[in-house]
Amino acid sequence: MQRLTITCPDDWHLHLRDGAAMRDVLPDSARQFGRAVIMPNLKPPVATVADALAYRRRILDALPAGLEFDPLMTLYLTEGTSPEEIRRVADESRVVALKLYPAGATTHSEAGVVSLEKIYPVLEAMERHGVPLLVHGEVTAPEVDIFDREKAFIDRHLAAIALRFPGLRMVLEHVTTGDGVQFVKDSGPNIAATITVHHLLYNRNALLAGAVRPHFYCLPVLKRETHRLALIEAATGGSPKFFLGTDSAPHPRSQKESACGCAGCYTARAALELYATVFESGGALNRLEAFASFNGPDFYGLPRNRTKVVLERAEWQLPDAVPFGDESLVPLKAGETIAWRFVERQQPE
Ligand SMILES: NC(=O)N[C@@H](CC(=O)O)C(=O)O
Ligand SMILES: [Zn+2]
Ligand SMILES: [Zn+2]
């Protein structure tokens with residue numbers, strides 16, 4: 001049996017939700033990942049250090065005994081965020097970044113930013129204090145085609161922010177295009193990106209060819225094959241600027257299989273196994289550890305994990321659905337057989 005032992009990975013972009021739904025999904029992530037950057041798009045948003053620490057406490061209270069998991073919290077950047085709040089973030093190691101959602105770009109982004117110029121004083125404070133800005137990089141202008149919204153965001157906004165705040169550390173979250181990859185590669189070491197496993201596995205045909213398949217609907221939306229190949233090259237190519245961020249985003253089945261379905265793929269059930277599959281088919285299994293376990297902590301200035309995880313090449317079948325509060329949740333690859341299986345986490349000797 002082929003086995004793969006790597007340093008315990010982290011998930012640098014995760015949606016855990018709250019309450020009973022969170023209790024159902026949290027173990028999937030906490031089993032595989034040592035830490036995760038927890039997205040703040042709750043309703044109401046996690047907007048202050050006090051909110052983030054209260055949310056972190058709820059996560060730790062919901063963590064099953066025996067699992068070691070460190071939630072790295074983020075704040076939702078609004079036009080009301082104050083530069084003083086940035087100083088509080090800089091002084092609080094349990095809060096690691098702020099998340100920028102352009103208003104209307106994605107799930108629970110109503111509280112997001114309409115006018116980027118309004119947050120320049122906050123960006124200036126973040127640059128000064130070394131606090132990273134995590135970006136959902138899509139414009140929302142109705143005349144811009146949904147498949148072009150990432151590139152338009154880079155051209156219209158991200159490039160200008162990078163020029164104006166040259167020391168600002170930024171992560172282009174869930175990068176989905178060759179244009180995004182190129183922007184990150186051409187930028188300094190202060191700019192990086194996370195890559196989801198669903199954008200590595202699928203192009204937009206999965207969503208639209210033959211039938212509309214709502215479980216493949218996420219934002220940014222899946223792109224054409226050339227972009228998927230650019231993402232694979234970025235993830236497996238050895239650059240330290242790209243790291244693992246699942247963007248696992250659970251929504252109840254009833255809200256996915258709907259005339260107005262929510263955006264988000266639930267990938268946490270088999271996240272590491274699916275990344276392993278992608279790296280294996282790219283002939284780059286030896287680079288999985290850097291992508292999953294080294295590049296993220298190095299960018300954030302955090303220590304790499306000391307525990308290890310073991311995967312084995314053994315087939316298993318994902319469930320058709322899993323519990324999610326009062327509802328059910330359909331994982332990515334529901335009912336399908338996959339090639340890698342997570343075995344265990346090992347303590348250092
Ligand atoms: N990725 C998604 O499609 N959805 C995310 C929000 C986000 O990360 O944009 C969610 O919270 O559901
Ligand atoms: Zn997003
Ligand atoms: Zn997300």
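Not measured: the values here are computed from a predicted model. These values consider heavy atoms only, across backbone and side chains, with no hydrogens, waters or symmetry-generated copies. Counting starts at 1 for both ligands and their atoms, in listed order.
- When only non-hydrogen protein atoms are considered, atom 1 (N) of ligand 1 lies nearest to D247 OD2, 2.7 Å.
- In this structure, R35 is not positioned above the aromatic face of F69 in the sense of NZ or CZ being under 6.0 Å from the six-membered ring centre and within 45° of the axis.
- At least one heavy atom of H13 sits closer than 4.0 Å to an atom of ligand 1.
- Pairing each heavy atom of F324 with each of R17, the nearest pair is CZ-CG, 4.3 Å.
- Between D70 and R56 there is a salt bridge, since at least one side-chain N of the basic residue sits less than 4.0 Å from a carboxylate O of the acidic one.
- The Zn ion (ligand 3) lies at 2.8 Å or more from every N, O or S atom belonging to H136.
- Applying the 4.0 Å criterion to heavy atoms of A249 picks out, from ligand 1, the atoms 4 (N), 5 (C), 10 (C), 12 (O).
- Not a single heavy atom of E173 sits less than 4.0 Å from an atom of ligand 1.
- Each of L72, L134, I195 was evaluated against W12; a single residue qualifies, L72, per the side chain to side chain contact (heavy atoms under 4.5 Å, CB included) test.
- Using a cutoff of 4.0 Å between basic side-chain nitrogens and carboxylate oxygens, R88 and E85 are scored as salt-bridged.
- Looking at R149 and D145, no side-chain N of the basic residue comes within less than 4.0 Å of a carboxylate O on the acidic one, giving no salt bridge.
- Short contacts between ligand 1 and H174, defined as distances under 4.0 Å to a heavy atom of the residue, involve ligand atoms 8 (O), 9 (O).
- Between R313 and E280 there is a salt bridge, since at least one side-chain N of the basic residue sits less than 4.0 Å from a carboxylate O of the acidic one.
- With a heavy-atom cut-off of 4.0 Å, H136 touches ligand 1 through its side chain alone.
- Nearest approach of K241 to G188, heavy atoms of both residues: NZ-O, 2.7 Å.
- Between the Zn ion (ligand 3) and H15 there is an N/O/S contact shorter than 2.8 Å.
- Only side-chain heavy atoms of H251 come within less than 4.0 Å of ligand 1; its backbone N, CA, C and O stay farther off.
- Nearest heavy atoms, Y76 versus G112: OH-N, 3.4 Å.
- Shortest contact from atom 6 (C) of ligand 1 to any protein heavy atom: T106 OG1, 3.2 Å.
- Of the protein's non-hydrogen atoms, L219 N, 2.7 Å is the one closest to atom 3 (O) of ligand 1.
- For H174, the N, O or S atom closest to the Zn ion (ligand 2) goes by the atom name NE2.
- Only the side chain of R17 comes within contact range of ligand 1, with a heavy atom under 4.0 Å; no backbone atom does.
- Inclusion of N41 in the set of residues having an N or O under 3.5 Å from an N or O of ligand 1 is warranted.
- Protein heavy atom at the shortest distance from atom 4 (N) of ligand 1 is A263 O, 3.1 Å.
- Its N, O or S atom nearest to the Zn ion (ligand 3) is what matters here, and for D247 that atom is OD1.
- The distance from ligand 1 to the heavy atoms of C218 drops below 4.0 Å at these ligand atoms: 3 (O).
- The environment of NZ in K151 is sparse: at most 12 heavy-atom neighbours from other residues, nucleotides or ligands sit within 6.0 Å.
- Residues I191 and M126 share a hydrophobic cluster, clusters being chains of Ile/Leu/Val/Met/Phe/Trp/Tyr side chains in contact below 4.5 Å.
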